[in-house]
Student: 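Take a look at this one; I'll ask things after.
Below, chain A is the first sequence line, B the second, and so on; all start at residue 1. Because the structure is a prediction, the values reported are computed rather than measured.
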Protein chains: 2
Amino acid sequence: MAAPKFVEIKQHLIANIERGVWREHAKVPSENALAGEFGCSRMTARRALTELVEQGVLVRSQGQGTFVASLKSQGSMLNIRNIADEVRGRGHDYQVQVLEQLRLPADASVAIALGVAVGAEVGQTRLLHSEDGRPVQLELRFVNLALVPDYLEQDFYRQTPHEYLSQVAPLTEAHHEVEAVVVDAKTASLLEIDQGEPCLRIHRRTWSRSGTVSFARLTHPGSRYRLGGHLVMD
Amino acid sequence: MAAPKFVEIKQHLIANIERGVWREHAKVPSENALAGEFGCSRMTARRALTELVEQGVLVRSQGQGTFVASLKSQGSMLNIRNIADEVRGRGHDYQVQVLEQLRLPADASVAIALGVAVGAEVGQTRLLHSEDGRPVQLELRFVNLALVPDYLEQDFYRQTPHEYLSQVAPLTEAHHEVEAVVVDAKTASLLEIDQGEPCLRIHRRTWSRSGTVSFARLTHPGSRYRLGGHLVMD
DNA sequence: AATCTTTGCTTGTATATACAAGTTGCCTGT
DNA sequence: ACAGGCAACTTGTATATACAAGCAAAGATT
């Protein structure tokens with residue numbers, strides 16, 4: 001029933017930070033000091049400190065000590081989820097339509113984004129994802145065929161590009177940018193929105209161990225989509 | 001020079017997962033098995049496994065074992081940063097203009113968002129943040145005065161609301177929503193954009209231990225702002 | 001006075017060990 | 001055949017210990 005000892009120590013540290021006993025950048029007790037104070041071994045005190053470092057509450061430096069992290073650096077996170085999971089998670093019907101699936105030489109901007117030579121062949125797919133019959137995301141994706149040679153042979157009605165890529169080239173790093181845009185007439189008609197209606201556009205670039213795998217441009221109708229995020233800090 | 005032993009074990013596990021030796025939901029060797037295989041103690045093998053669990057690569061269950069996590073659940077994160085830090089981080093000039101700072105009774109929507117009674121007095125501030133003289137964010141914020149009674153007495157030219165709130169009511173949880181919108185004429189003129197130009201709008205709600213602290217609506221000109229995120233998974 | 005060395009404190013890595021607690025399957029007694 | 005309990009294996013918590021490595025300040029040497 002009782003909380004483990006390292007949790008007690010974590011709570012003690014957090015409580016003291018929150019009530020201002022130790023302010024920003026102040027030094028907190030060392031591992032040995034905490035071990036003495038709580039009557040536990042150094043490794044147990046260390047675990048409490050280590051977990052708070054992972055949570056971004058503390059920072060530590062070998063030889064110097066452990067300090068309260070600057071509060072403003074605790075930036076919150078916004079979760080970007082797989083659209084298929086997201087739609088199904090809402091209990092709605094998920095559908096996809098494959099509009100394009102072709103091989104073409106990279107122009108300058110694609111070559112830079114994928115880290116390949118200009119003119120190198122890359123895979124391009126364009127998919128329209130729908131929720132309960134209404135479009136929610138237009139996905140334009142460029143894939144590095146050197147790293148994922150079988151990409152264009154896949155059936156994306158069975159498995160989304162994101163799911164397939166996650167399997168064959170588990171990503172180790174991702175970068176996102178989000179912006180608000182107005183789209184051209186063709187895109188507007190695909191998304192079934194009025195021209196002039198704002199859209200949320202996410203640029204997503206993913207790396208695997210061996211290089212840049214894929215570059216995707218995800219466009220959501222502003223009227224029909226919200227990107228939601230949640231982070232528990234404690 | 002050599003990597004620590006627990007890092008070697010992590011790399012070995014990740015490599016085997018990536019090349020498909022252990023697929024989704026497959027069981028990976030137990031702590032004791034890894035300890036034997038790598039000629040280390042169980043605690044060292046345990047550390048490698050624990051860190052991979054934290055990274056979302058593995059899941060474990062007491063009594064059963066450790067398993068490869070489902071790959072699709074590795075959602076990426078998008079970092080939402082403090083606008084002042086973000087502007088200064090780009091090496092640009094940051095300026096703020098306080099447009100409103102007043103006390104008013106909560107209407108229905110504000111009352112729900114802040115978790116107070118309709119008609120309860122809440123603080124409202126409207127700030128315009130600028131980068132190199134051009135507006136980049138219009139911040140409309142409602143604050144629960146029951147939790148932060150001195151909010152309206154602050155000088156937000158010295159310290160942004162976000163910074164002040166971080167100090168007096170360290171937040172334990174935050175929720176975000178991002179959408180694309182077109183704004184009214186008044187807002188457009190404040191942001192110095194054409195009417196009809198899309199904007200990125202972030203709804204940000206923060207909790208402290210004692211309740212909902214603040215509800216902010218952050219509006220960025222779509223032409224001048226991108227929300228950037230980055231996550232290292234390894 | 002300036003510089004090098006030592007000493008002590010800090011965190012980082014690693015081991016060996018012990019017991020607790022959850023899960024599974026086998027095996028025994030009825 | 002079934003139920004109960006036992007044994008084996010798993011992860012979870014905790015301790016005691018050892019040495020490595022980074023840092024800072026006091027002290028010794030030049």
Student: Applying side chain to side chain donor-acceptor pair (under 3.5 Å), can you list everything that pairs with Ser61(B), at least two apart in sequence or on another chain?
Tutor: Gln64(B)

Student: Which angle, to the nearest 10 degrees, lies between the helix axes at the two ends of the helix from dA1(C)-dT30(D) to dT30(C)-dA1(D), each defined by five pairs?
Tutor: 20°

Student: Indicate whether the side chain of Thr125(A) and that of Tyr151(A) have a donor and an acceptor atom separated by less than 3.5 Å.
Tutor: yes

Student: In whole angstrom, what separates Leu52(A)'s CG from dT11(C)'s C1'?
Tutor: 16 Å

Student: Give me the residues of residues 37-48 of chain B where at least one heavy atom lies under 4.0 Å from an atom of DNA chain C, by number, or none.
Tutor: Gly39(B), Cys40(B), Ser41(B), Arg42(B), Met43(B), Thr44(B), Arg47(B)

Student: Tell me every residue that passes salt bridge (Lys or Arg N to Asp or Glu O under 4.0 Å) with Arg201(B), counting only those two or more places apart in sequence or in another chain.
Tutor: none

Student: With Gln101(A), which residues qualify under side chain to side chain donor-acceptor pair (under 3.5 Å), at least two apart?
Tutor: none

Student: So do the side chains of Lys10(B) and Leu52(B) get within less than 4.5 Å of each other, counting heavy atoms only?
Tutor: yes

Student: Sorted by first residue and then second, give each ring-ring contact (aromatic ring centres under 6.0 Å, His included) pair with at least one member in residues 130-150 of chain A; sequence neighbours left out.
Tutor: none

Student: Would Glu179(B) and His220(A) count as having a side-chain donor-acceptor pair, cut-off 3.5 Å?
Tutor: no

Student: Using atom names, set out every protein N or O paired with an N or O of nucleotides 3-6 of chain C below 3.5 Å, distance rounded to 0.1 Å.
Tutor:
none

Student: Considering all heavy atoms of both residues, which atom of Thr212(B) and which atom of Leu147(B) are nearest to each other, and what is their separation?
Tutor: O-CD1, 3.3 Å

Student: Go through the structure and list residues passing side chain to side chain contact (heavy atoms under 4.5 Å, CB included) with Pro29(A), not counting sequence neighbours.
Tutor: Trp22(A), Ala33(A), Leu34(A)

Student: When the ring planes of Phe38(A) and His12(A) are compared, do they come out parallel, tilted or perpendicular, using 30° and 60° as the limits?
Tutor: perpendicular

Student: Which residues pass the salt bridge (Lys or Arg N to Asp or Glu O under 4.0 Å) test with Glu139(B), not counting sequence neighbours?
Tutor: Arg141(B)

Student: Which atom names give the shortest non-hydrogen contact between Ala180(B) and Ala180(A), and what distance separates them?
Tutor: CB-CB, 4.1 Å

Student: Is there a side-chain contact (heavy atoms from CB on, under 4.5 Å) between Leu114(A) and Val110(A) once you walk through the steps?
Tutor: CA-CA 6 Å; Leu114(A) 283 183; Val110(A) 171; 4.1 Å; yes

Student: Using a heavy-atom cut-off of 4.0 Å to chain A, what are the terminal contacting nucleotides of DNA chain D, in 5' to 3' order?
Tutor: dT13(D) to dA24(D)

Student: How does protein contact run along nucleotides 22-27 of chain C, one letter per nucleotide 5' to 3', with B for base contact, S for sugar-phosphate only, - for none, heavy atoms under 4.0 Å?
Tutor: BSS---

Student: Using the test ring-ring contact (aromatic ring centres under 6.0 Å, His included), find all partners of Tyr164(B) that sit at least two apart in sequence or belong to another chain.
Tutor: none

Student: Side-chain contact, heavy-atom cut-off 4.5 Å: Leu138(B) with Leu218(B)?
Tutor: no

